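One structure is given below, encoded as structure tokens.
Note that this is a predicted model, so its numbers are computed, not measured. Reminder, nothing fancy here: chain letters follow the sequence lines and each chain counts from 1. Basis for what follows: all heavy atoms, side chains included, without hydrogens, waters or symmetry-related copies.
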Number of protein chains: 2
Amino acid sequence: MTSYVRQMLQKGPLHARIIERFDDMSEQLQQAARHILEHPQEVALVSMRELARNAGVQPSTMTRLAKFLEFSGYEDFREQHADVIRVSADGFAARALQREEGAANGEGLAYRMLQGLSAQIDRLRDPDTISRLDTMAEHLAKARRIFVLGLRSCHSVAWHFHYVMTLLGEKTVHLDGPAGTSGDPLIRATHEDVLLAISINPYSLQTLELAEAAREKGLSILAITDSEVSPLVTIAEHVVFFPTESQTFFHTLAPALAVSEVLCGLLASRDRAAALKELKLADRHLSAMNTYATSIPRRKI
Amino acid sequence: MTSYVRQMLQKGPLHARIIERFDDMSEQLQQAARHILEHPQEVALVSMRELARNAGVQPSTMTRLAKFLEFSGYEDFREQHADVIRVSADGFAARALQREEGAANGEGLAYRMLQGLSAQIDRLRDPDTISRLDTMAEHLAKARRIFVLGLRSCHSVAWHFHYVMTLLGEKTVHLDGPAGTSGDPLIRATHEDVLLAISINPYSLQTLELAEAAREKGLSILAITDSEVSPLVTIAEHVVFFPTESQTFFHTLAPALAVSEVLCGLLASRDRAAALKELKLADRHLSAMNTYATSIPRRKI
DNA sequence: CGAAATATGCAACAACTGTTTTATAAATCA
DNA sequence: TGATTTATAAAACAGTTGTTGCATATTTCG
């Protein structure tokens with residue numbers, strides 16, 4: 001519980017005040033507060049109405065939130081946030097100190113792993129990978145249906161791609177049935193469809209077999225894999241590569257997940273309006289199904 | 001002369017632009033410019049009229065200065081200064097949210113997304129998160145058994161954690177059975193076990209219910225979630241936070257996956273020898289099962 | 001169940017925003 | 001010097017700001 005207090009102090013008394021009273025807020029106030037907790041500087045940098053727009057609440061909700069937190073009004077609230085920026089700006093020494101502390105702490109494995117993962121994803125921004133991503137998004141967009149295949153360690157990536165795409169529409173089919181039925185959906189696949197295969201070394205045999213079967217059915221194979229000499233390269237029409245090395249003795253899939261998310265982003269951005277419409281649809285369905293906690297039951301669940 | 005150039009570069013391109021054209025300005029413009037050079041953040045933090053008042057010039061002078069510096073107007077000038085604050089404060093998580101135009105056609109979206117993801121994972125190296133990760137690894141290591149729970153978008157993270165952990169031994173149980181049996185493994189859970197729950201906003205009701213049920217059975221709840229006001233925070237003994245903001249309109253889980261991999265890494269590193277032995281074991285089993293392509297069949301599969 | 005209380009969306013408000021125009025003063029130059 | 005350009009101040013402008021009161025849902029409770 002001490003660490004909770006420490007965190008509050010670290011992030012400043014404004015955060016603390018919001019978190020403290022969060023439980024007593026109404027649904028809308030919570031939504032506004034949540035957005036402010038995630039983007040504190042924006043309070044001082046944009047107008048209230050714009051902030052409200054970004055948070056998805058009414059302008060008046062912001063005024064109400066400010067008063068709820070016992071500020072005289074939103075302008076008071078805003079001024080406090082501006083002060084935080086002011087002191088942290090010329091508090092150059094403070095920032096240097098923080099960095100120092102981080103460096104001293106930097107012996108830890110967690111620190112090194114995160115640094116490594118960040119750098120690997122950063123390196124994906126090279127022109128070759130970017131153009132490969134764009135091309136693959138093009139292929140995916142043109143396909144009638146997308147079969148997504150990723151087994152074992154790559155299951156997480158494949159499933160996440162499929163999940164996000166489901167929210168954006170109904171183009172993807174996830175090849176991961178139970179009881180050995182993974183490949184069954186391919187029965188009705190045609191040459192208009194594509195197979196998005198994800199695999200890393202060591203390459204799962206089942207993935208390769210299914211991919212080969214799909215190719216013989218006339219499907220285009222698109223691959224996300226870890227190496228130029230991956231077996232998927234030879235049968236795929238287009239490939240995107242990602243690194244898997246990590247400081248540990250197992251492979252990392254964070255870069256692969258990043259690649260998959262970028263593809264989703266590119267696909268969604270091709271028709272923002274349609275994507276947004278689909279998202280709204282999914283939203284309505286899920287709330288009708290009572291999937292999510294709408295009001296957040298903080299105390300008595 | 002070198003120190004002049006260096007100063008310009010240090011303080012950023014906005015300062016440089018002002019200094020460069022300073023000599024050509026009229027008296028009033030210089031007075032305005034001088035004030036801005038001395039208080040750069042104020043441009044973004046107060047209104048133009050107030051800034052003009054503080055600088056001792058007319059409001060219109062500020063507009064004229066902005067146009068003199070070849071901005072489209074003062075609002076453009078102000079937005080640039082806001083961006084400087086944003087990047088120096090927390091990277092640029094919030095920036096993309098406003099930029100509808102640039103993101104509209106998806107121009108360079110891949111590049112920007114990767115840059116953002118990399119920065120977000122980089123920021124996880126702050127001392128608080130590191131210490132939270134270490135503490136959570138401690139808790140996980142002490143537990144007799146680890147039940148892993150992550151539904152919907154968090155399924156990928158939960159499953160990946162479980163998958164890696166199974167390669168390292170047999171401590172984890174994945175709560176994601178078919179046909180609504182997710183919670184069944186908890187039947188034989190005791191207070192020696194822990195539940196690792198992963199959830200982001202909007203929070204899946206089923207996750208919260210299962211977590212609450214586990215807590216009532218005496219299990220410690222460990223949470224990986226997206227906010228200090230996540231409903232998991234109140235019922236969890238320890239929490240690690242990660243960001244989910246992305247340039248698209250769906251959340252990113254790459255940082256969450258990074259967190260999960262770091263935890264695996266920390267756990268494995270506590271007993272390298274044992275972990276390696278388990279890995280060998282898994283290796284032998286999988287090759288006996290003919291799971292992977294051993295020789296890479298590049299041409300003829 | 002109905003009544004009281006609360007939460008939320010909406011529209012109107014005056015105040016203030018950044019910008020532009022107009023009038024006046026100062027500087028420049030033939 | 002007087003004509004002409006330039007610089008500045010003041011005022012007017014449309015658009016936006018933060019705020020408030022009111023009508024309508026929604027929740028709470030006897």
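The CZ atom of Arg78(B) sits 11 Å away from the C1' atom of dG18(C) (whole-angstrom rounding). Atoms CG (Leu65(B)) and P (dG18(C)) sit 14 Å apart, rounded to a whole Å. Rounded to an integer number of Å, the gap from Gln28(B) CD to dA25(C) C1' is 13 Å. Atom CD in Gln31(B) sits about 14 Å away from atom C1' in dA7(D), given to the nearest Å. In this structure, Glu75(B) places its CD atom 17 Å from P of dA14(D), rounding to the nearest Å. For Leu51(B) and dT19(C), the CG to P distance is 13 Å, given to the nearest whole Å.
Contact of Arg64(A) with dG9(C) (side chain to base): a donor-acceptor pair of N or O atoms is detected under 3.5 Å. For Ser47(B) against dC16(C), a side-chain-to-base donor-acceptor contact under 3.5 Å is absent.
Residue Gln58(B) has its side chain nearest to dA9(D) when only dT8(D), dA9(D), dA12(C) are considered. Minimum atom distance to the side chain of Met48(A) is reached by dG18(D), of the listed dT17(C), dT17(D), dG18(D).
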Quick one: side chains of residues 57-72 of chain A, donor-acceptor pairs under 3.5 Å with protein atoms, not counting sequence neighbours, listed by atom name and distance.
residue, atom, partner, partner atom, Å
Thr61(A), OG1, Gln58(A), O, 3.4

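Toward the 5′ end of DNA chain C lies the nearest nucleotide of Met25(A), the other residue of the pair Gly73(B) and Met25(A) mapping further downstream.
Backbone-only engagement by Ser26(B) is indicated by non-hydrogen atom pairs under 4.0 Å involving sugar-phosphate atoms exclusively.
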